[in-house]
Amino acid sequence: MDTLIQDKLEKEFQEKIDKDIKIEPNDWMPESYRKTLIRQISQHAHSEIVGMLPEGNRAPSLRRKAVLLAKVQDEAGHGLYLYSATETLGVSREDTIDDLHAGKVKYSSIFNYPTLTWADIGAIGWLVDGAAIMNQVPLCRTSYGPYARAMVKICKEESFHQRQGYEIISNLMKGTEEQKAMAQDAVNRFWWPSLMMFGPSDADSKHTEQSIRWRIKRHTNDELRQMFVDATVPQAELIGLTLPDPALAWNESRGHYDFGDIDWDEFWQVVGGNGPCNKERIEARIKAKKDGEWVREAALAYAKKHQTN
Ligand code: FAQ
């Protein structure tokens with residue numbers, strides 16, 4: 001394309017963004033904006049789907065099982081909305097999923113940690129969904145229309161997920177010494193990985209600056225991480241849990257909690273495929289795709305039969 005035309009289109013595009021006018025699938029957009037969205041939305045979709053796997057832990061009662069099943073089904077739904085949003089950018093769902101299975105694309109680091117006890121399911125709901133909402137509420141105002149609309153639905157459900165997790169953990173904290181110890185142990189293991197969900201520190205985040213200019217992201221990784229810490233510490237105190245960070249302290253002059261250093265080596269190891277469960281998670285997704293092949297074939301054959309009749 002002629003550079004003058006390209007410059008004009010880019011200028012008009014940025015003006016739309018600056019006026020908070022949503023970008024829709026058929027609108028002109030820079031190729032790098034399209035690619036950034038495909039990366040972020042598909043990573044988000046994969047996270048929802050892979051994120052269902054750690055929750056396959058035994059629920060202790062029928063009520064708990066029913067609630068957990070509803071939550072996990074929501075996650076499948078979130079993945080589907082997000083794969084649909086990715087498809088509006090001109091990529092196929094099949095290719096996107098194949099890329100995940102081939103280890104070419106990322107999903108959230110948090111889902112590569114094991115769940116050892118029932119309390120871990122509470123910690124996931126409270127901390128992981130809590131972190132997810134903190135990151136996702138601003139995405140309801142992201143500049144790309146289909147992503148923003150998907151996020152509105154998703155956030156409504158995520159707040160139920162966070163509450164179910166907090167309820168599990170709160171109830172355990174009202175229980176026996178063993179139950180309290182189980183809750184504390186789960187929080188000890190999930191606290192730091194939850195802080196890592198927000199991504200690298202701003203100094204090391206290669207995409208943030210451009211994504212904020214395009215209003216894909218509305219806050220930096222560190223801003224959201226701080227908001228999460230500030231919101232979560234009082235919730236932990238209320239139910240008598242200790243967060244595993246000796247440096248955690250209210251800083252009057254900043255009006256925020258200070259917290260200790262994140263182990264970024266661990267983060268990059270997990271992101272790079274070397275976390276405790278990376279291999280197991282991808283193998284489970286590959287197996288699920290293979291096992292479900294006959295269902296997809298049958299559904300397609302059925303749809304085809306009804307089209308011709
Ligand atoms: N894990 O330059 P930045 C959920 C990668 S949904 C793995 O800062 P960006 C629901 C990043 O892709 C949770 N990789 O990148 C649920 C980039 O790699 P690349 C998922 C990470 O995009 C709950 C590189 O590092 N949520 O939990 C991570 O500006 C319970 C440099 O990073 C979303 O996906 C990480 N944590 O900011 C389900 C929300 N962080 O591609 C079940 C949408 C960074 O250049 C149970 N995504 N990387 O090679 C976002 O908001 C952003 O993409 C960030 C990262 C904030 C995650």
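Both counts, for ligands and for their atoms, begin at 1 and track the order of listing. Computed from heavy atoms alone, side chains included, the values below leave out hydrogens, waters and symmetry copies.
- Nearest to atom 39 (C) of ligand 1 among the protein's heavy atoms is Asn135 OD1, 3.2 Å.
- A donor-acceptor pair under 3.5 Å is formed between the side chain of Lys22 and the backbone N or O of Thr142.
- Ion pair Glu209/Lys217 not flagged as a salt bridge, since none of the NZ, NE, NH1 or NH2 atoms sits closer than 4.0 Å to an Asp/Glu carboxylate oxygen.
- Residue contacts with ligand 1 include Glu158, since one or more of its heavy atoms lies under 4.0 Å from the ligand.
- Heavy-atom contacts of Met196 reach the following atoms of ligand 1: 36 (N) (cutoff under 4.0 Å).
- Classified by interplanar angle (parallel below 30°, tilted 30° to 60°, perpendicular above 60°), the ring pair Tyr302/His306 is tilted.
- Distances below 4.0 Å separate heavy atoms of Phe111 from the following atoms of ligand 1: 4 (C), 16 (C), 23 (C), 27 (O), 30 (C), 38 (C), 42 (C), 46 (C).
- A donor-acceptor pair under 3.5 Å is absent between the side-chain atoms of Gln136 and the main chain of Cys155, judged by distance alone.
- Under a 4.0 Å criterion applied to the non-hydrogen atoms of Ser47, ligand 1 contributes the atoms 13 (C), 20 (C).
- Between Glu177 and Lys180, at least one side-chain N (NZ, or NE/NH1/NH2) sits under 4.0 Å from a carboxylate O, which counts as a salt bridge.
- Residues satisfying the salt bridge (Lys or Arg N to Asp or Glu O under 4.0 Å) criterion with Asp99, sequence neighbours excluded, are Lys104.
- Remark: minimum distance from atom 19 (P) of ligand 1 to any protein heavy atom is reached at Lys106 NZ, 3.5 Å.
- Among all non-hydrogen protein atoms, the one lying nearest atom 15 (O) of ligand 1 is His207 CD2, 3.5 Å.
- Residue contacts with ligand 1, taken as heavy atom pairs separated by less than 4.0 Å, do not involve Val270 at all.
- The backbone N or O of Leu116 lies less than 3.5 Å from a partner atom in the side chain of Asp120, making a donor-acceptor pair.
- Note: an N/O pair closer than 3.5 Å links Met197 and ligand 1 by distance alone.
- For atom 1 (N) of ligand 1, the closest heavy atom belonging to the protein is Ser109 N, 2.9 Å.
- Nearest heavy atom pair, residue Met227 against residue Met134, reads O-CE, 3.6 Å.
- Proximity of a side-chain donor or acceptor of Asn188 to a complementary backbone N or O of Pro244 within less than 3.5 Å is not detected.
- Note that the CD1 atom of Ile168 and the CG atom of Leu68 stand 7.0 Å from one another [nearest 0.5 Å].
- For ligand 1, the atoms closer than 4.0 angstrom to any heavy atom of Tyr107 are 1 (N), 7 (C).
- Close approach of ligand 1 to Val128 is summarised as follows: ligand atoms under 4.0 Å from at least one heavy atom of the residue are 23 (C), 30 (C).
- Taking 4.0 Å as the cut-off between side-chain N and carboxylate O, Glu283 and Lys279 count as a salt-bridged pair.
- Atom 54 (C) of ligand 1 is never approached by the protein to below 4.0 angstrom, counting heavy atoms only.
- Residue-level proximity to ligand 1 for Gln40 is carried by the side chain, the only part with a heavy atom below 4.0 angstrom.
- Remark: the backbone N or O of Lys289 is paired with a side-chain donor or acceptor of Arg296 at under 3.5 angstrom.
- For atom 28 (C) of ligand 1, the nearest protein heavy atom (residue, atom name, distance) is Phe267 CZ, 3.7 Å.
- Residue contact check: Gln136 has heavy atoms under 4.0 Å from atoms 6 (S) of ligand 1.
- Taking the six-membered ring for Trp and the full ring otherwise, the centers of His46 and Tyr83 sit less than 6.0 Å from each other.
- In terms of polar-atom proximity, defined here as any N/O pair under 3.5 Å, Trp268 makes no such contact with ligand 1.
- For atom 3 (P) of ligand 1, the closest non-hydrogen atom of the protein is Ser205 OG, 3.4 Å.
- In terms of protein heavy-atom proximity, atom 4 (C) of ligand 1 is closest to Ala132 CB, 3.8 Å.
- Lys71 and Asp129 are joined by a salt bridge, as a carboxylate oxygen and a charged side-chain nitrogen come within less than 4.0 angstrom of each other.
- For ligand 1, the atoms lying closer than 4.0 Å to a non-hydrogen atom of Tyr147 are 43 (C).
- Residue Lys71 has no N or O atom closer than 3.5 Å to an N or O atom of ligand 1.
- Polar contact check, Gln43 against ligand 1: a nitrogen or oxygen pair lies under 3.5 Å apart.
- Among all protein heavy atoms, the one lying closest to atom 23 (C) of ligand 1 is Asp129 OD1, 3.3 Å.
- Using a 30° and 60° split on the angle between ring planes, Tyr166 and Trp126 fall in the tilted class, from 30° to 60°.
- Heavy atoms of Pro200 approach ligand 1 to within less than 4.0 angstrom.
- In terms of polar-atom proximity, defined here as any N/O pair under 3.5 Å, Lys217 does make such a contact with ligand 1.
- Below 4.0 Å from some heavy atom of Glu75 lie the following atoms of ligand 1, by number and element: 30 (C), 38 (C), 42 (C), 46 (C).
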